[in-house]
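Computed from a prediction, not measured in an experiment: that's the story for all the values here. All values below were derived from every heavy atom in this structure, side-chain atoms included, with hydrogens, water molecules and symmetry-related copies excluded.
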Amino acid sequence: MSENEDLRDEMRKAVADFLRAESDRRAAMDGDHGYDRALFRRGVADLGLGGLPVPERFGGLGLGFAEAAVVIEEFGRAVAPSPVPDTLIAGTLLSESADAGTPGEPGEALLARLAEEPVAIAVAGLTETPGRGPVVADGGGLSGVVGAVPHGATADVLLVISGEGDDAAVHLVDPEQPGVTRTPRRALDHTRRLADVELTGARADRLSPEGDDGALARRLVALARIALAAESAAAAQACLDETVGYLKVREQFGRAIGSFQALKHRCADLAVAVHGAVATAQYAVRFAITGEATDELGDDLPTVAAVAKVVGADTLMRVAADCLQLHGGVGFTFEHDLHLYFKRGKANQLLAGSGPALRRQLAARL
Amino acid sequence: MSENEDLRDEMRKAVADFLRAESDRRAAMDGDHGYDRALFRRGVADLGLGGLPVPERFGGLGLGFAEAAVVIEEFGRAVAPSPVPDTLIAGTLLSESADAGTPGEPGEALLARLAEEPVAIAVAGLTETPGRGPVVADGGGLSGVVGAVPHGATADVLLVISGEGDDAAVHLVDPEQPGVTRTPRRALDHTRRLADVELTGARADRLSPEGDDGALARRLVALARIALAAESAAAAQACLDETVGYLKVREQFGRAIGSFQALKHRCADLAVAVHGAVATAQYAVRFAITGEATDELGDDLPTVAAVAKVVGADTLMRVAADCLQLHGGVGFTFEHDLHLYFKRGKANQLLAGSGPALRRQLAARL
Amino acid sequence: MSTGDEEFRAEVREWLAEELTGEFADVVGLGGSGREDEALDRRLAWERRLGSGGWIGLGWPVEHGGRGASLAQQVIFHEEYAKAGGPGRLLHMSEQLVGPTILAFGSDEQKRRFLPGILSGEALWCQGYSEPGAGSDLAGVRTRAVREGDEYVLNGQKVWTSLAHVADWCFVLARTDPGSSRHAGLSYLLVPMDQPGVEVRPIRQITGTSEFNEVFFDNARTPVANRVGDEGDGWRVAMGTLGFERGVATLGQQIGFQRELDHVVELAREGGALADQELRGRIVQSWIDLRVMRYTAVSTLRSAGSSVSGFEASLSKLQWATWHRDLGELAVDVVGPAALTVDEPYDLSPEQTSFLFSRSDTIYGGSNEIQRNIIAERVLGLPRG
Amino acid sequence: MSTGDEEFRAEVREWLAEELTGEFADVVGLGGSGREDEALDRRLAWERRLGSGGWIGLGWPVEHGGRGASLAQQVIFHEEYAKAGGPGRLLHMSEQLVGPTILAFGSDEQKRRFLPGILSGEALWCQGYSEPGAGSDLAGVRTRAVREGDEYVLNGQKVWTSLAHVADWCFVLARTDPGSSRHAGLSYLLVPMDQPGVEVRPIRQITGTSEFNEVFFDNARTPVANRVGDEGDGWRVAMGTLGFERGVATLGQQIGFQRELDHVVELAREGGALADQELRGRIVQSWIDLRVMRYTAVSTLRSAGSSVSGFEASLSKLQWATWHRDLGELAVDVVGPAALTVDEPYDLSPEQTSFLFSRSDTIYGGSNEIQRNIIAERVLGLPRG
């Protein structure tokens, strides 16, 4: 265990250094892709980010979700615009399928590609699409409309969820085919472009084993929610750290405003919230790895993932909002980065199951 | 208007002085009645509290709900155990009926008695009784069980609500009859004893005019909720005033703890809440008097009364809870009066329509 | 409400109905929070129309060109204006801040010179108070004004100056005594914007738009005769009318709030959020809190003489700013995932604008924290820390 | 979790199952928050049984009579204890506060003399820290201890001393240097309770009951040999093990919390509150927050070496105290109007007790405000005010 922790610490540092040195967030979010394609290529080439979860027999690093989560956290901390997080989730799912012997030939080919070259994968169907039901899979391929697909317009491959509940299934879809129409959408959160994806009898390779009763789709949803939890918690930590630093130097009334007790206590409450969100995301990551059906409280993975998602996103939103207030006017300017965290917070609350929707689901368990 | 305001200021002062000089809250709340019966008699004799709303032709002072509310506020400020508030509400309702020419002979007789001698009236049926429906009125009298009747076991007269909605009606009931069984209940709030009242074919005089579609009962409920709002707001103000005073003298870390900004800001927020609750109660009192069907926001009296009740009780609860924390350990002792406000706050939240229930009703208007 | 007030209300309503359906039908609903720079020309024209109709400076004394209207009548005007969908006012700095200041502290000459332009709706003013180093702590002002003959020469930077790019004048708090600190040594100066020494740069905000500006004074000049009050007495002059800023406008503002909330309820009904336990609960609490604000304002105005106390101004600011900010967030939550996207290039929906822009409500014009300090120390009498 | 841990868990579970269904079946579920004085004799007997079973001082070094159990094993014990419904512990002050203090700072003689009584469950200790003038500000202690020959003579008043009426010993923070102030000049003294100079008066609380006491020292005496650490070094001694107070007990405590929450959910289901939008929302948020607390504790223990940091102790206290207090209020709200009445004379339901007694959670053992100060200054490094 401690060996893995060392590895993860190294990875954390490597990714953080890479992002700090190379990432120009402002240029990336305004560019054509909404992210820095060259940076993505270098990240895959230099750090092996694409092949990180891919089993070694396909040429990957053979690491697991814990290491993927570390990378996702660092991208979250920097609110870096990038398809890396979703690609890692997809890669993790594919690799698990490969370990279970069920990825099929197209899945295996994609794993090999991931290890080899820069491939951006987008996941479609995590977020409720207003006025639309789930994508339908039948003999004629996949059909339906999926909104709010992160980096969906620029992704090289789509992972699409069809159906719902026990009928849900995961499919690989090549976006470059007539049956797929992608409409890029500017997002409230500048650091994560979205797309509407329309499928009209799109050819697809089903990843879910027949008769898995929606298990693979549930797993994908859980991994995606946990990833959002991890990136949110890390972003909240970054936001709070920056703010505490600012409060130590910003003076008003002849003293550092960080010496005013009302602000200090607010920061203390935020620190408690962030600590809780980080612990919750970490717990969820570990639980996703151990693969046990339920934990000591009797919760299953979808439950733990929903809790983590809600806690992480709510914490980021709360922290960013409070930090904006603590900064005063300057946090309200576009030039300051705080609003990127603030908008990411709201986006993470709404993506992949909104807070109200997930709490409604959790309440149904009571 | 200003003449009435002068009168109300005088009354406020007279009642406050009376309570300060004569009321021994602790002895009263532990006594047999749960309130000081002798004090009640003197209040009726010296200040005319019983006959306050009673029209002059019945020997009363002929004042209105605005003046009754002033008295109720002062009893709230002192969390004085007394049937005066409920008696004033009942007296107001009866007087309004008399002005409309519909109180009937028993109602008129009671008005004359109120002006003459100490009569405590309890109102039964304001608070939901768990597991029980409303009281049923038929040819055989009133039947049913009503819980949580304030001062119900010691009252000289009961005002009972039967039915619900458009079928609701108000009745005068003599508690000293075989059809009425009263079970005194010790209350969480030491300053307001409660009783369960069981009616088995109890003789009753109906106050509601036939075919009033529940109007008089609705009016009674509204007046009772507004009275709770007024007493809650005044109690919250008293609680905050006491706490601010304490913070100015209590020293820790070598300085008055009221100089710590985190506590100051909390007090400021409480002051805003109290100010709002006071204004809300006053608005509701005035609206109850003007008798217009709706106000400029399109709200009717039941709506305004529900808002006022919720806001008043929630504010008292919040203020008392925060004041307890601000006092530290000493507020946790039975000897300190803070817990009386704290318990009154919870009681007022639960009596005459709980917060969740009223908010549910208000939400239905949206 | 007296008969006279009802007649006044009818007059206001009639005038607005006529003007806003006529020539100015196109300005209905424009401007407002986060959309301050919308259709500026048309709205400036509308201000002049208001001025010629005699609706500016309603409460000002008759001898200075006002109507001497009562507080109740001023409230009526703001209510009817809001109900009629009158566009966001551009002259509130002129009418509600610098005008009353000149009335209270200005010389006769200043009154003669500056008030008519405000009353006619022609003179647009902006506020030069905040600086990068003097936000919540206004007394930290560092902009200097040095006397040279009959003029002051200004150097320094102001920030969060809305409408500075179109304003004719700026009322500036500047340090005229170079050795002074804090409240002492400040003066209140009226500075013409159209001169080489004044540069206005828009601040790009969280919304992507730019209602606010930075104003740079680089040897900007204004005659000594444009100083309001004594030299060094600027703090008292500036603070003397700060409570004025709100007060009478509150009830009108709340009608706008009610309309915003109604819109959110409508969205919730259409989109299904009204059926969600949590969003429904937040909506009803917002609905209740708006009523508390309204009842508080009604109570304040009932008990007010001719002005609103500092406590009530602070309380009202804290109340509405927090409420409005929370409504902004509630609005996007009610919209749900559809609020994730915006139109190109970054064109926000009203709910998204409200969500983002309302974050400034609790900061500008005295942050929530400053209001809490004021209430704790000046109203509750709690000791300074 | 290692195999050894699983064996240890089985051992704990087996022992508890046997003892709590046997002779001590009657103590199951007794005591706990707000019911600290319930069935004291039987619970004291149970403490002795725990002691004879070797379950006290689990983590203490073997050479001092402990088991040298790992943090994980201590957690396992607390968890299994809670799951088995073990009664509220009376010896936590002994085992978790004074014991570790003597281990860390005591003389060999003190260790020989005092530790065995704690380990056997026979010596009951109470805490003499807080005073009427020294609540949140412990360094304001005014109780004096003056040296007379081989003894200290104590005069002063302590407050919030739970179990003082049955305790054998009190560990007292007293001022031994009369001219000193604040943290300097305090000493940590072990004082026998059974002497004429010690008077214990119960404090009647908001619940009507009396778990807490005032302790008056009126020329109370204790040998100088009963001072732990140097004279004047009492602050360091007392603070040295304050973080110890929580930590390992947290996960066990949370099992109790989960049980309380389950009970509230059950009440809500039966009484209909679960169908109410608002109460349902509050319940699910409480349910989520309990998980966050648990995950936080798991994370703390995973990363902890042999002790828990001050940050984590403060954080955990703030988290659980606030959560538990809110649960107390939620419980009566779920019960609804039925919570308005109590049994004669003032006999509270578990929900009512929880509602009232949990108000002390956020005050004692370092109030929420104190914890926030600690986190802001010592963890975030924000400057002192």
Side-chain angles (χ1 to χ4, degrees), chain A residues 1 5 229 240-241 243-245 247-249 255-284 286-287 295-299 303-304 306-312 314-315 355-356 358-366, chain D residues 1 79 83 251 254-255 258 261-262 264-266 268-269 274-275 277 279-303 311-312 314-319 322-323 368-385:
Chain A
M1 185 60 98
E5 273 169 21
L240 178 60
D241 290 348
T243 301
V244 167
L247 295 181
K248 289 178 187 172
V249 298
R255 53 196 264 207
I257 61 175
S259 68
F260 286 104
Q261 198 193 33
L263 308 194
K264 286 162 73 169
H265 279 200
R266 213 175 324 164
C267 287
D269 283 336
L270 296 181
V272 172
V274 169
H275 197 74
V278 169
T280 299
Q282 285 173 347
Y283 181 93
R286 269 199 306 279
F287 187 53
D295 69 2
E296 62 269 41
L297 293 176
D299 296 333
T303 300
V304 171
V307 169
K309 155 71 167 66
V310 161
V311 169
D314 284 1
T315 300
L358 291 179
R359 277 187 285 269
R360 210 183 317 131
Q361 287 173 28
L362 291 171
R365 286 189 77 254
L366 292 177
Chain D
M1 199 124 294
E79 285 187 340
K83 284 185 200 161
L251 285 168
Q254 288 173 357
I255 287 174
Q258 177 69 50
L261 177 57
D262 286 346
V264 170
V265 172
E266 197 49 42
R269 190 175 292 117
L274 203 54
Q277 58 188 39
L279 294 168
R280 186 182 175 88
R282 284 169 63 192
I283 291 170
V284 79
Q285 195 58 52
S286 178
W287 185 92
I288 289 171
D289 291 342
L290 178 61
R291 275 155 177 75
V292 173
M293 279 201 289
R294 179 163 187 88
Y295 304 158
T296 305
V298 166
S299 155
T300 298
L301 289 167
R302 274 177 61 92
S303 63
F311 170 49
E312 278 154 340
S314 284
L315 185 147
S316 160
K317 172 75 206 310
L318 192 51
Q319 241 181 352
T322 308
W323 183 89
N368 279 8
E369 290 74 23
I370 292 295
Q371 307 300 350
R372 290 193 189 102
N373 277 346
I374 293 173
I375 294 170
E377 290 174 9
R378 298 197 212 155
V379 184
L380 304 179
L382 287 165
R384 303 184 74 90

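When all heavy atoms of D:A376 and A:A268 are compared, the closest pair comes out as N-CB, 4.2 Å.
Within the 4.5 Å cutoff, the side chain of A:R286 has heavy atoms near those of the D:R302 side chain.
A search for side chain to side chain donor-acceptor pair (under 3.5 Å) contacts involving D:W323 returns D:S286, not counting sequence neighbours. Here D:E377 pairs with A:K264, D:R384 under the salt bridge (Lys or Arg N to Asp or Glu O under 4.0 Å) rule; sequence neighbours left out.
For A:D299, the part sitting under 4.5 Å from any heavy atom of chain D is the side chain, from C-beta outward, and nothing else. In this structure, the portions of A:V272 lying under 4.5 Å from any heavy atom of chain D include both its backbone and its side chain. Using a 4.5 Å cut-off between heavy atoms, D:I255 makes no contact with chain A at all. Both the backbone and the side chain of D:V292 come within contact range of chain A, each with at least one heavy atom under 4.5 Å from a heavy atom of that chain. For chain A, no part of D:E266 is nearby; none of its heavy atoms comes within less than 4.5 Å. Proximity to chain D (any heavy atom under 4.5 Å) is shown, for A:V278, by neither the backbone nor the side chain. For A:R266, no part sits under 4.5 Å from any heavy atom of chain D, backbone or side chain. Residue A:T243 does not touch chain D at all, counting heavy-atom pairs closer than 4.5 Å. Only the side chain of D:L318 comes within contact range of chain A, with at least one heavy atom under 4.5 Å from a heavy atom of that chain.
For the set A:L366, A:L362, A:L263, the entry with the most heavy-atom pairs within less than 4.5 Å of chain D is A:L366. Between chain D and the options A:A277, A:A284, A:G276, A:A308, heavy-atom pairs under 4.5 Å are most frequent for A:G276. The candidate with the highest count of non-hydrogen atom pairs below 4.5 Å against chain A, out of D:L380, D:I288, D:I375, is D:L380. Chain A forms the most heavy-atom pairs under 4.5 Å with one residue out of D:Q258, D:M293, D:E369, and that residue is D:E369.
More than 12 heavy atoms of other shown residues, nucleotides or ligands fall within 6.0 angstrom of atom CZ in D:R269.
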Checking side chain to side chain contact (heavy atoms under 4.5 Å, CB included) for the pair A:V307/D:Y295: CA distance, chi angles, key distance, verdict?
CA-CA 11 Å; A:V307 169; D:Y295 304 158; 4.2 Å; yes
Derivation of the side chain to side chain contact (heavy atoms under 4.5 Å, CB included) call for A:C267 and D:L382
CA-CA 9 Å; A:C267 287; D:L382 287 165; 3.9 Å; yes
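Separation of atoms NE2 (A:H275) and OG (D:S316) is listed at 9.5 Å; rounding is to 0.5 Å. Atom CG of residue A:D269 and atom CG of residue D:N368 lie 8.0 Å apart, to the nearest 0.5 angstrom. To the nearest 0.5 Å, the span separating OH on A:Y283 from CZ on D:R291 amounts to 8.5 Å.
Checked by atom type, the side-chain pair D:N373/A:H265 shows a donor-acceptor distance below 3.5 Å.
A salt bridge is defined here as a Lys NZ or Arg NE, NH1 or NH2 lying under 4.0 Å from an Asp or Glu carboxylate O, and D:K83 with A:E296 fails to meet this definition.
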